[in-house]
Each structure stands twice: as structure tokens, then as C-alpha cells.
Amino acid sequence: MPTLFEKIIAGDLPANIVFRDDRVTAFLDIRPAAPVHILIVPNKVIATANDVADEDEALIGHMFILARDLARANGIDADGYRLVVNCNAHGGQEVYHLHMHLLGGKPLGPMVLRK
Ligand code: AMP
């Protein structure tokens, strides 16, 4: 079963795509948790951070460089932002296709609530 993100990358599910090239697709999160909430997704299927291979090093770097550029393009670079990758159940991962969240546009508070 293809994930939602595979369908978006294939063009079979609509999304608000803000960038795409042969390696990555970036689109707006459907339930934004901040004024800027963009998902940066590799076009190739990598289920979780555990499944990143050594050969993916350049791809992962490309996602990071794109996050930098999208932060700048959205005017949140100077105030700051957060990059998040959730992995598996304890990480709160909902979609099993690796993605990086770019969040910003307001103070985001503590990264994880301490109890
Ligand atoms: P994660 O918990 O890290 O797996 O995050 C999955 C994210 O995907 C959540 O923030 C969802 O709001 C987002 N999401 C789910 N379905 C869609 C969709 N069709 N288009 C855009 N974002 C989505």
C-alpha cells in the first residue's frame, strides 16, 4: 500500500507543493502546527529514520539545504525555526515515509514538554 506521501509525490493526491526536484518534494502540512509548516519528503521511499542508508547521505543533506532555503524564502530564518523528524511510535510518526517538518513563524516553545 503506498503511503499518502507516495501518492502526493506521484501526483495522485492533491497537495500544496512548494518545491520539487528529482530527489525531494516539499508541500504544506495539511494540519499546520505553526504559521509556516512545510514537509520536506524524499521522492524515494524511506520508511523511517531507521531506514536511512549510508548511500542516502547526499539526499539527507539535500533535504537540510532545502530546509534552509525554504526558511529563508518564508522569512523565518532570522527569527528561527525548528526542523523535526519523528521516528516510529515513541517519536509520534504518523506517516511511514521519511519527512522533515519545517516549523516557524511564531515562538515554538520547548521542543518536548517536560513533566
Ligand atoms: P509525522 O507525525 O511526523 O508522521 O507527521 C505527519 C504529518 O503529515 C502530520 O503533520 C500531518 O498533518 C501531515 N499530513 C497528513 N496527511 C497529509 C496530507 N494529505 N497532506 C499534507 N500533510 C499531511
Side-chain angles (χ1 to χ4, degrees):
M1 275 289 284
T3 65
L4 288 174
F5 292 176
E6 277 180 84
K7 291 182 187 167
I8 288 172
I9 290 162
D12 295 334
L13 191 69
N16 209 324
I17 293 174
V18 297
F19 179 88
R20 77 177 305 153
D21 66 12
D22 58 328
R23 290 186 284 171
V24 298
T25 302
F27 49 90
L28 303 186
D29 196 292
I30 205 166
R31 277 186 299 128
V36 176
H37 190 169
I38 296 171
L39 301 173
I40 299 170
V41 186
N43 292 341
K44 93 176 212 188
V45 179
I46 301 173
T48 78
N50 289 330
D51 302 300
V52 172
D54 291 354
E55 69 199 32
D56 296 324
E57 187 172 345
L59 172 62
I60 301 302
H62 186 53
M63 290 168 66
F64 215 103
I65 295 292
L66 178 58
R68 177 202 65 189
D69 290 347
L70 289 173
R72 193 176 297 153
N74 283 274
I76 59 172
D77 53 329
D79 282 340
Y81 52 91
R82 183 170 293 156
L83 301 175
V84 174
V85 177
N86 296 320
C87 180
N88 280 343
H90 283 195
Q93 185 172 4
E94 292 174 11
V95 179
Y96 281 78
H97 184 136
L98 185 74
H99 51 282
M100 178 187 280
H101 297 253
L102 167 62
L103 296 147
K106 69 173 187 182
L108 296 171
M111 183 177 69
V112 178
L113 294 177
R114 296 177 198 277
K115 291 194 176 161

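In listed order, ligands and their atoms are each counted from 1. The figures here come from the full heavy-atom set of this structure, side chains too, leaving out hydrogens, waters and symmetry mates.
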Please classify the Leu39 to ligand 1 contact at 4.0 Å (heavy-atom distances, strictly less than): side chain, backbone, both or neither. side chain
Euclidean distance, Ile9 CD1 relative to Ile17 CD1, rounded to 0.5 Å: 8.5 Å
For atom 2 (O) of ligand 1, closest protein heavy-atom neighbour: Gly92 O, 3.0 Å
Counting from 1 in the order shown, the ligand 1 atoms closer than 4.0 Å to a non-hydrogen atom of Arg31 are 11 (C), 12 (O)
Take the angle between the ring planes of His37 and His101 and call it parallel below 30°, perpendicular above 60°, tilted in between. tilted
Quick check: does Leu4 get an N/O under 3.5 Å from an N/O on ligand 1? no
Contacting atoms of ligand 1, where contact means under 4.0 angstrom from a heavy atom of Leu28: 21 (C)
Decide whether an N or O pair under 3.5 Å exists between His99 and ligand 1. yes
Select one of side chain, backbone, both or neither to describe which atoms of Phe5 lie under 4.0 Å from any atom of ligand 1, heavy atoms only. side chain
Is Asn43 reaching over with its side chain to a backbone N or O of Asp21, donor-acceptor style, under 3.5 angstrom? yes
Between Ala34 and Gly104, the two heavy atoms sitting closest are CB-O, 3.5 Å
Element-labelled atoms of ligand 1 that are located less than 4.0 Å from some non-hydrogen atom of Gln93: 2 (O), 4 (O)
Which residue holds the protein heavy atom closest to atom 22 (N) of ligand 1, what is that atom called, and what is the gap in Å? Ile30 N, 3.1 Å
Any side-chain to backbone donor/acceptor pair from Asp79 onto Ile76? Under 3.5 Å, distance only. no
For ligand 1, which atoms, with element, lie under 4.0 Å from some heavy atom of Phe27? 21 (C)
Please work out whether any backbone atom (N, CA, C, O) or any side-chain heavy atom from C-beta onward of Val84 is under 4.0 Å from ligand 1, and answer side chain, backbone, both or neither. neither
Could an N or O of ligand 1 be found under 3.5 Å from any N or O of His37, whether backbone or side chain? no
Among protein heavy atoms, which lies nearest atom 4 (O) of ligand 1, and at what distance? Glu94 N, 2.7 Å
If you draw a 6.0 Å radius around CZ in Phe19, do more than 12 non-hydrogen atoms from other residues or ligands fall strictly inside? yes
Can you check whether Gly109's main-chain N or O pairs, donor with acceptor, with Arg82's side chain at less than 3.5 Å? yes
Any donor-acceptor pair under 3.5 Å linking the side chain of Glu6 with the backbone of His97? no
Can you list the ligand 1 atoms lying under 4.0 Å from a non-hydrogen atom of His101? 1 (P), 3 (O), 5 (O), 7 (C), 10 (O)
What protein heavy atom sits nearest atom 11 (C) of ligand 1, and how far off is it? Asp29 OD1, 3.4 Å
Tell me whether Phe5 is reachable from Val52 by hopping between hydrophobic residues (I, L, V, M, F, W, Y) whose side-chain heavy atoms are closer than 4.5 Å. no
Quick check: does any side chain N or O of Asn88 sit under 3.5 Å from a backbone N or O of His90, one acting as donor and the other as acceptor? no
Proximal atoms of ligand 1 relative to Asn86 (non-hydrogen, under 4.0 Å): 1 (P), 2 (O), 3 (O)
